[in-house]
Amino acid sequence: MSSPLSHPLVRTFLASVERRTAALPAVWREELLEDLREEIAAALADDVTEDPAADDVTEDPAADDVTEDPAVDGGPVISEERVRRALDWIGTPEEIAADALAEESGSIPPEPENPGGTWLTLGLAVLPVPLCLVPGVGIPLGLVAAFGALVRLWRSAPWVRREKRQATLFVLSPLVTVPVLAAALSLAFDGISAPAFVASLLIALALPVVGAIRLARSAARLREQAPQEAGRPLG
């Protein structure tokens, strides 16, 4: 199977971002490109850009999202239309570069953080949903944990503002996903039950966990790169 990142449109997209962000520090630029690679791969793998309207595309009526190409080990190849939708969902190279350059001019580059501090922040980020299962005081405790996670997140050094904005959406996502899921389950089963509510909480936990994993990987990469780039040991 061909890698989504090997598609010509993806290579052109990443090359354009890299060229437009040449003024960024090397570590910061590589961090941005690595995040984009992950976002593109996730968008295509999870089909987050699937749009019912895409069935009406007339540019190539014979093209499917995934087709067979004997030139690539006989494996499936992602269609150009699907790649375009994924890249449109992520943003244009101009927008991404402008945002990154604005961050560079308005704040200092990210710095490595003690792993203990990082894990405390990420732990608080995923705690709100499980805390909601605590009888009586669960929801207030969850809100306190979410507030603490956001305060630590925005005061932490390992992540740039773009990552912090995305993480904020992940942390706050249960405020939207839990009611929506609960309503959907109540309609499906003629009323909300305790098991259905717990199920909605567990499903809603997925986005905060995904956000925490991405931030953990970003902070770990920064800790690995910093001694090589700065020539100094981590504190």
Side-chain angles (χ1 to χ4, degrees), residues 28 31-32 34-49 86 89-91 99 103 107 110-186 192-226 234-235:
W28 201 342
E31 180 84 11
L32 171 64
E34 183 62 26
D35 285 345
L36 289 174
R37 293 185 191 103
E38 292 181 2
E39 288 185 29
I40 293 169
L44 293 173
D46 298 337
D47 202 21
V48 298
T49 60
W89 178 75
I90 291 171
D99 188 38
E103 289 175 354
S107 62
E111 297 179 357
E113 180 182 55
N114 184 287
T118 296
W119 286 112
L120 175 59
T121 302
L122 301 184
L124 289 172
V126 299
L127 267 181
V129 172
L131 284 175
C132 288
L133 296 174
V134 178
V137 296
I139 292 179
L141 286 177
L143 292 175
V144 170
F147 178 77
L150 294 179
V151 170
R152 286 193 57 86
L153 174 69
W154 283 93
R155 290 182 176 179
S156 295
W159 305 296
V160 297
R161 284 188 294 175
R162 179 175 61 84
E163 292 176 303
K164 293 177 180 180
R165 287 197 297 269
Q166 292 176 347
T168 298
L169 294 177
F170 283 132
V171 172
L172 297 179
S173 63
L175 295 176
V176 175
T177 55
V178 170
V180 170
L181 289 168
L185 291 173
S186 66
I192 189 67
S193 63
F197 179 70
V198 172
S200 67
L201 286 176
L202 294 177
I203 297 172
L205 182 60
L207 284 177
V209 168
V210 168
I213 291 173
R214 292 187 59 183
L215 290 180
R217 295 177 62 183
S218 175
R221 284 199 305 268
L222 188 61
R223 287 195 297 270
E224 293 172 358
Q225 295 170 354
L234 297 182

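Bear in mind that the values here come from a model prediction, so they are computed numbers and not experimental data.
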Salt bridge Glu34-Arg217, side-chain N to carboxylate O under 4.0 Å: no
Lys/Arg N to Asp/Glu carboxylate O, Glu38 vs Arg221, below 4.0 Å: yes
By side-chain hydrogen bond (donor to acceptor under 3.5 Å, both in side chains) - contacts of Thr118 (at least two apart): Glu113
To the nearest 0.5 Å, tell me how far [X] [atom1] sits from [Y] [atom2].
X      : Y      : atom1 : atom2 : value
Leu202 : Leu133 : CG    : CG    : 6.5 Å
Leu201 : Leu131 : CG    : CG    : 11.0 Å
Leu150 : Leu172 : CG    : CG    : 5.0 Å
Glu31  : Leu36  : CD    : CG    : 10.5 Å
Ser200 : Leu205 : OG    : CG    : 11.5 Å

Whether Ser218 side chain and Arg214 backbone form a donor-acceptor pair below 3.5 Å: no
Under 3.5 Å: donor-acceptor pair, side chain of Trp159, backbone of Leu215: yes
Evaluation steps, side chain to side chain contact (heavy atoms under 4.5 Å, CB included), between Ile90 and Ile40: CA-CA 8 Å; Ile90 291 171; Ile40 293 169; 3.3 Å; yes
Verdict with supporting geometry, Val209 and Ile213, side chain to side chain contact (heavy atoms under 4.5 Å, CB included): CA-CA 6 Å; Val209 168; Ile213 291 173; 3.9 Å; yes
Heavy-atom pair of closest approach, residues Trp119 and Ala216: CH2-CB, 4.0 Å
